[in-house]
Amino acid sequence: MRITTHMLNETAKKTGIPIHQTNFLSYVNDESAGGNTLLDALNKKDKVSPETISNYKKMEKTAQSLKDQAGKLAQTGEKSFFEKIKESGNTKEAYEAVESYVERYNATLSNLNKSSGMLDQYYSQMLQEAADKNSEQLEKIGITINKNGSLSVNKEKLHAASIEDLQSAFGGEGELASKTAFLADRIANNAQAGIESTTSQYDGMGNIYSQLASQFDFWG
């Protein structure tokens with residue numbers, strides 16, 4: 001299936017993920033990104049380093065962890081995480097959950113940025129865009145975005161924030177957590193595919209392309 005800009009934009013509307021800047025197609029066609037086009041990458045048969053495999057394993061683990069944490073913060077309804085916090089009054093648990101989210105976000109982003117893979121670069125951008133779109137809500141609760149895209153927490157300001165402010169930043173209005181969970185799931189799946197592809201033998205470019213293209217089934 002041919003991936004088009006229209007398909008990407010239609011999915012963006014459905015998921016709420018902003019694809020308004022550089023999209024994946026630009027990475028496919030951009031010769032300046034690592035000096036290789038998609039066809040160059042598919043034709044190359046460089047030996048995969050142990051560091052690459054190790055990073056993919058770490059990426060899968062951190063992305064899955066981020067997905068779980070973001071999913072918890074993204075819950076809605078009377079039995080959601082934040083509603084239970086309001087009922088119990090255990091605000092400490094809420095602050096710890098946000099700090100854990102930031103830690104897992106930074107770990108996932110770091111692993112993505114250590115990879116030269118086009119999909120990993122793309123997901124790195126998407127993850128940062130999701131946070132950037134909610135920067136005002138995050139700053140209100142003491143979370144700032146660094147120049148490298150990572151997040152920093154001012155614990156004093158965070159612990160002074162209300163549960164309503166936390167909920168606004170991550171769930172409900174902001175929807176940051178739900179977007180992060182969606183992306184983290186894709187990142188974890190791609191990392192697993194990376195592990196499998198780097199530890200398997202391919203007899204032709206078609207097999208490699210087939211696996212790469214399968215990562216985009218959700219764009220349709």
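If you're wondering where the values come from, they're calculated on a predicted model, not measured in any experiment.
With sequence neighbours excluded, the residues forming a salt bridge (Lys or Arg N to Asp or Glu O under 4.0 Å) with E99 are K155, listed by chain and number. Remark: S150 pairs with N106, N146, N148 by the side-chain contact (heavy atoms from CB on, under 4.5 Å) rule, at least two apart or across chains. Legend: residues meeting side-chain hydrogen bond (donor to acceptor under 3.5 Å, both in side chains) with S100, ordered by chain and number and at least two apart, are R104. Contacts of D68 classified as side-chain contact (heavy atoms from CB on, under 4.5 Å), with partners at least two apart in sequence or in another chain: Q64. Among residues two or more places apart in sequence or in another chain, the side-chain hydrogen bond (donor to acceptor under 3.5 Å, both in side chains) test is passed with S162 by D165. Judged as a ring pair (Phe, Tyr, Trp, His ring centres under 6.0 Å), and not counting sequence neighbours, the contacts of Y101 are F170. Contacts of S110 classified as side-chain contact (heavy atoms from CB on, under 4.5 Å), with partners at least two apart in sequence or in another chain: K114. Residues that satisfy the salt bridge (Lys or Arg N to Asp or Glu O under 4.0 Å) test with K67, not counting sequence neighbours, are D185. E103 meets the side-chain contact (heavy atoms from CB on, under 4.5 Å) test with no other residue; sequence neighbours excluded. Remark: E139 pairs with no residue by the salt bridge (Lys or Arg N to Asp or Glu O under 4.0 Å) rule, at least two apart or across chains. Applying the salt bridge (Lys or Arg N to Asp or Glu O under 4.0 Å) rule to K84 yields no partners; only residues at least two apart in sequence or on another chain are considered.
Two residues are said to be in side-chain contact when any heavy atoms from C-beta on lie closer than 4.5 Å; V98 and I143 meet this criterion. The shortest distance between side-chain heavy atoms of T144 and L151 does not fall below 4.5 Å. Contact check for I141 versus K157: no side-chain heavy atoms found under the 4.5 Å cut-off. Side-chain contact check for Q121 versus S124: every heavy-atom pair is 4.5 Å or farther apart. Looking at heavy atoms from C-beta onward, M59 lies in side-chain contact with S115 at the 4.5 angstrom threshold. Side-chain contact check for M126 versus R186: every heavy-atom pair is 4.5 Å or farther apart.
Distance OG1/T62 to CG/N111: 4.5 Å, rounded to 0.5 Å. Here the straight-line distance linking atom CD1 of I187 with atom CG of L127 works out to 5.0 Å at 0.5 Å rounding. With values rounded to the nearest 0.5 angstrom, L66 atom CG is found 4.5 Å from T108 atom OG1. The line from NZ of K86 to CD of E78 is 11.5 Å long, rounded to the nearest 0.5 Å. Atom NZ of K140 and atom CD of E136 lie 10.0 Å apart (nearest 0.5 Å). Here the CD1-CG distance, from I195 to N55, works out to 10.0 Å after rounding to the nearest 0.5 Å.
For K58, the NZ atom is loosely surrounded, since the number of other residues' heavy atoms within 6.0 Å does not exceed 12.
Listed by first and then second residue, the ring-ring contact (aromatic ring centres under 6.0 Å, His included) pairs involving residues 63-99 are Y95-H159 (not counting sequence neighbours).
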- [ ] Mind running side chain to side chain contact (heavy atoms under 4.5 Å, CB included) on D120 and N113 for me, showing each step along the way?
- [x] CA-CA 7 Å; D120 298 325; N113 290 338; over 6 Å; no

- [ ] Show your reasoning for whether side chain to side chain contact (heavy atoms under 4.5 Å, CB included) applies to L138 and L176.
- [x] CA-CA 10 Å; L138 291 174; L176 172 59; 3.9 Å; yes

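Residues A181 and G71 share a closest heavy-atom pair of CB-N, 4.0 Å. Counting all heavy atoms, side chain and backbone alike, S178 lies closest to A74 at N-CB, 3.6 Å. In plain terms, the two heavy atoms of A184 and A63 that are nearest each other are CB-O, 3.4 Å. The two residues S135 and I145 come nearest to each other via the heavy atoms CB-CD1, 3.9 Å.
No donor-acceptor distance shorter than 3.5 angstrom exists from the side chain of Y105 to the backbone of A131, with no hydrogens or angles considered.
Inspection of the E93 and N90 side chains reveals an N or O donor paired with an N or O acceptor under 3.5 Å. Side chains of S65 and Q69: no donor on one and acceptor on the other come within 3.5 Å. Counted by atom type alone, E129 and Q125 present one or more donor-acceptor pairs between their side chains at under 3.5 Å.
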